[in-house]
Amino acid sequence: MRISNKAKNVIRHIVLIAVCFVLIYPVVFMFFASFKESNEVFTSLSLFPEKYRWENYVNGWQAGASGSITFTNYFLNTFALVIPVVFFTIVSCSLVAYGFARFSFPFRKILFPAMISTMMLPSTVIIIPRFMLFKNLGWLDSYLPFYVPAIFACYPFFIFLLIQFMRNIPTSFDESAKMDGCSAMMILRKIILPLLKPAIFSAGLFQFIWTWDDFYNQLIFINSPRKFTVALGLRLAIDTSTETVQWNEVMAMSVCTIIPLFIIFFACQKYFVEGITSSGIKG
Amino acid sequence: MRKALSVAMVIALLLCSFQVFAGGAGESSSDDGVTTIRVAWWGGDARHKAMLDMIAAFEAENPDIKVEPEYSAFAQYGDKFFIQLTSGAAPDVMAVDQPWCATAVQQGDFFLDLSPYAEQLQIDTFDDYLIDNYSYFNDKLLFLPIGINGMGSLVDTEILSQFGFDINDKDFTWDDMFALAEKVHAANPDWYLCCTDSKQAALYYARVYLRQLTGRQLINDDGTMGCTREELSEALELVDRCYKENVFQPITISAVYNNTMTQNPDWLNRKMFMILGRTSVMTETASRREIDGHYTTTGYVMPQLEGGVESGIEVRPVTLYAVNKETRNPDAAVRFLEFMFTTEAAAKAIGSNYSVPAREESRGYVADVLDPSAIENVEYSLANAGSTLNAWSGNSEVEALFTEIMEKIAYGQYDSMLEAADEIIERIGMIVTN
């Protein structure tokens with residue numbers, strides 16, 4: 001028995017909608033739970049709150065603990081951490097990728113695999129040596145442990161992504177520019193970077209989301225609550241050892257925390273998809 | 001033009017970021033005659049607020065000392081504690097959980113000996129039991145207890161009294177518990193007597209039973225086992241029975257609330273009626289009692305073993321405070337501890353956030369805010385305390401091992417409890433050797 005194309009389409013859509021629902025349900029649950037009473041979050045099976053409590057957002061934002069530190073501080077701190085990291089990552093990784101993609105230099109064949117192999121190293125393995133290093137440099141409780149690795153292109157994944165994209169840009173462009181008198185840096189700035197825009201957006205977006213979401217490194221390197229980011233601030237409110245957690249407020253602040261990510265992601269989605277597909281790294 | 005403006009903005013933002021955040025606080029420092037010390041603790045919002053208020057009062061009285069607070073939730077504090085300690089980046093004054101003390105002392109010489117400051121810190125006014133058993137390691141005074149934890153239970157008396165449970169029955173035994181649980185579950189198949197998780201099952205059921213049975217340490221000071229495999233398996237049998245005879249909710253449901261058992265909807269919706277635990281659990285749940293109005297804490301009920309050697313009741317500090325041995329400002333750190341532990345202003349600011357204070361005088365300062373049943377529980381526990389846990393028996397790795405074994409028992413992974421006991425004995429051997 002042959003199934004008509006229309007029926008196939010319907011089945012396909014039903015399956016896709018079901019999968020989408022499963023994937024998006026935690027976010028939807030979080031959104032509605034942010035309006036519930038704290039006890040209602042776990043005791044009620046209903047997705048929707050009995051009463052919409054907007055004050056959860058107000059109370060959560062003020063973060064209870066110490067009136068002087070609120071989520072305003074946490075958000076400002078997060079932007080102060082994430083924006084420079086993204087900026088430095090893009091600049092430094094573009095330069096390194098340009099070097100590997102376009103130049104021949106001694107030990108290139110060893111250095112490239114060496115750089116790529118660092119990608120295989122789990123970050124938890126090197127957390128203690130990194131901690132010791134940053135401690136000896138006096139960088140603990142500052143954002144330097146995040147800025148400096150970004151300045152020195154310590155993100156091999158992005159270098160790899162950019163190299164893959166650069167390889168698709170014909171070298172004849174560089175040669176023509178060179179004949180017209182362009183220096184190597186000028187070729188990068190005037191020819192390569194404009195063509196690299198989709199890949200740069202992808203790298204920037206990835207780095208933005210990963211740094212924003214990175215909890216463990218921020219926990220280890222930042223001590224003072226006045227320097228906490230949203231990830232740390234959010235976790236500060238969840239202490240199960242001493243008292244009841246106000247889950248409704250935690251949910252409300254979680255909603256606030258993901259809003260910037262949503263905005264950035266959807267604003268840059270066009271470039272992001274283009275960058276991923278054309279760099280040869282296909283998801 | 002727009003592009004140039006964007007670039008300028010980014011650069012400005014970066015510069016601002018560097019200006020504001022470049023310098024790490026790093027270690028304690030002394031500038032302009034003002035000494036800065038780092039003080040770290042864990043807790044929830046209420047404790048943070050109380051500690052910050054206390055610090056403000058301290059700074060007002062001691063303008064030459066500035067306190068840099070570092071606070072977080074318990075899990076995060078624990079993640080960082082040993083990394084900071086072993087790498088020499090620990091704060092000047094830090095909160096230490098009791099099971100960490102022995103582990104930390106075994107790993108190195110990290111804490112300042114407070115013996116020379118004993119008079120200044122009024123050590124003789126602290127509860128002797130806590131100071132004698134938990135503060136000294138290798139004859140050095142390393143840790144100061146801020147509150148006392150006894151052991152008992154939190155009980156929904158309104159429901160349980162319907163099944164003949166008497167809140168004042170100090171001779172409540174494990175057998176009584178099983179009989180009560182049977183009645184409760186028979187009345188409603190969704191009801192279970194005790195709310196617990198794997199860690200609670202390890203600490204307040206298996207370990208307590210074992211101590212009642214043997215009166216000895218689980219692991220001797222020299223690292224050898226303090227009990228036989230038969231004794232250990234009998235203690236594990238208790239937990240196995242609790243799952244099989246519906247004293248506990250099946251782990252397939254309760255596992256979701258590991259470490260957050262008081263968030264279990266079946267506890268909140270009054271389908272479970274008893275939690276065995278420490279005094280601080282009761283203090284914590286007192287706030288919920290105000291909301292729900294149907295929980296009654298009791299200082300007495302800790303099931304006993306008929307013919308047992310001891311009560312199995314552990315009395316231990318809620319939290320201890322220690323000074324970093326590498327601190328550049330030991331005097332400032334000790335002055336902070338002196339203020340925090342001995343003054344009325346500090347005791348009032350801290351209130352009941354560390355359960356019942358370890359100093360009797362401080363208890364008097366905050367009598368009006370302490371939960372009466374918490375005081376009753378501590379007094380009863382102190383009067384009926386069993387022997388204290390030694391360093392090995394209270395070791396955090398050993399506790400984690402027990403917790404894991406409890407889960408395996410709950411999931412029915414052993415043919416007999418002797419098998420589980422053998423696994424514990426073998427793995428304890430590995431922990432001790434390492």
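In what follows, chains are A, B, ... by sequence order, proteins preceding strands, each numbered from 1. Computed from heavy atoms alone, side chains included, the values below leave out hydrogens, waters and symmetry copies.
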K.L.:
Answer with side chain, backbone, both or neither: which region of A:Leu219 has an atom nearer than 4.5 Å to a non-hydrogen atom of chain B?
P.N.:
both

K.L.:
Is A:Phe134 in contact with chain B via its backbone, its side chain, both, or neither, using a 4.5 Å heavy-atom distance?
P.N.:
neither

K.L.:
Once the angle between the rings of A:Phe146 and A:Tyr143 is folded into 0 to 90°, is it parallel (under 30°), tilted (30 to 60°) or perpendicular (over 60°)?
P.N.:
perpendicular

K.L.:
Checking heavy atoms, do the side chain of A:Tyr216, its backbone, both or neither come under 4.5 Å from chain B?
P.N.:
side chain

K.L.:
Compute whether any side-chain donor of one residue and acceptor of the other, for B:Asn264 and B:Lys271, lie under 3.5 angstrom apart.
P.N.:
no

K.L.:
Side-chain donor-acceptor pair under 3.5 Å between A:Gln246 and B:Asp45, yes or no?
P.N.:
no

K.L.:
Tell me, side chain or backbone of A:Ile222 under 4.5 Å from chain B's heavy atoms, or both, or neither?
P.N.:
backbone

K.L.:
Before we go on, tell me: are the rings of A:Trp139 and A:Tyr147 under 6.0 Å apart, centre to centre?
P.N.:
no

K.L.:
What part of B:Tyr354 lies closer than 4.5 angstrom to a heavy atom of chain A: side chain, backbone, both or neither?
P.N.:
neither

K.L.:
Checking an interface table here. Which of residues 28-35 of chain A come within a heavy-atom distance under 4.5 Å of chain B?
P.N.:
none

K.L.:
Name the member of B:Pro69, B:Ser72, B:Ala40, B:Ser87 that forms the most heavy-atom pairs with chain A at distances under 4.5 Å.
P.N.:
B:Ser87

K.L.:
What I'd like to find out is whether the side chain of A:Ile127 reaches to under 4.5 Å of the side chain of A:Asn217, using heavy atoms alone.
P.N.:
yes

K.L.:
Is it true that A:Thr78 and A:Trp212 share a donor-acceptor pair across their side chains at a distance under 3.5 Å?
P.N.:
no

K.L.:
Taking the six-membered ring for Trp, are B:Phe74 and B:Trp42 parallel (under 30°), tilted (30 to 60°) or perpendicular (over 60°)?
P.N.:
perpendicular

K.L.:
Got B:Tyr192 and B:Asp266 here, is their nearest side-chain heavy-atom distance under 4.5 Å?
P.N.:
no

K.L.:
Name every donor-acceptor pair, under 3.5 Å, that has one atom in a side chain of residues 189-200 of chain A and the other anywhere in the protein, sequence neighbours excluded.
P.N.:
none

